[in-house]
Amino acid sequence: MIQFPANAKVIVMHEAISFRNGIDGTVAVARLVLKKEPMDGAFFVFRNKLGQMLRILYFDGGGYWLCTKRLSQGRFSAWPKGEGPCSGLLSRELSILIWGGDPASCHFPSLWRQVA
């Protein structure tokens, strides 16, 4: 299982992309469509047109990782929606999304914030 740091920046693209793109094509989508720099260390999450596959693009400082997950049954039906081409997720919400769940319907404890 892939674990994401709790403070990881996660960016989810709302629209589907073609998975015929390799790493370079997916990097271009992040730069040109999402207007984000993939080398900043964020996890970029994409889905295919049929909705049964997702991809995560990540730059670790030395190179790009492009991870793909295909569900054996069903689709990623609870894909995040919103204004603009993308939105952010918490790393715990990304874990739920990877398993085919709906992060919006899960109840998590409040995030701890240091006051002083």
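Side chains included, hydrogens not; waters and symmetry mates left out as well; all remaining heavy atoms used.
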Between [X] and [Y], what is the shortest heavy-atom contact and its length?
X      : Y     : value
Pro38  : Phe44 : CA-CE1, 3.5 Å
Pro103 : Ile96 : N-CG2, 3.9 Å
Lys36  : Cys86 : CE-SG, 4.0 Å
His14  : Ser87 : NE2-OG, 2.9 Å
Phe76  : Lys69 : CE1-O, 4.2 Å
Gly101 : Ala78 : O-CB, 3.9 Å

To the nearest 0.5 Å, what is the distance between [atom1] on [X] and [atom2] on [Y]?
X     : Y     : atom1 : atom2 : answer
Leu66 : Thr26 : CG    : OG1   : 5.0 Å
Asn21 : Ile23 : CG    : CD1   : 11.5 Å
Thr68 : Arg55 : OG1   : CZ    : 4.0 Å
Arg92 : Leu97 : CZ    : CG    : 14.5 Å
Leu71 : Trp99 : CG    : CH2   : 10.0 Å
Leu54 : Cys67 : CG    : SG    : 9.5 Å

Residue [X] excluded, over 12 heavy atoms near [atom1] under 6.0 Å:
X     : atom1 : answer
Arg31 : CZ    : yes
Lys9  : NZ    : no
Asp40 : CG    : yes
Glu37 : CD    : yes

Cluster question for you: counting only ILVMFWY and a side-chain heavy-atom cut-off of under 4.5 Å, with indirect links fine, are [X] and [Y] together?
X     : Y     : value
Met53 : Trp79 : no
Ile98 : Tyr58 : yes
Val29 : Val12 : no
Ile17 : Leu57 : yes
Leu89 : Met13 : no

Validation row: Tyr64, Val27 side chains within 4.5 angstrom (heavy atoms): yes
Beyond-backbone contact of Glu15 with Pro85, side-chain heavy atoms, under 4.5 angstrom: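 Answer no - side chains too far apart.
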[X] side-chain N/O to [Y] backbone N/O, donor-acceptor pair under 3.5 Å:
X     : Y     : value
Asn48 : Phe19 : no
Arg75 : Leu50 : yes
Trp65 : Ile56 : no

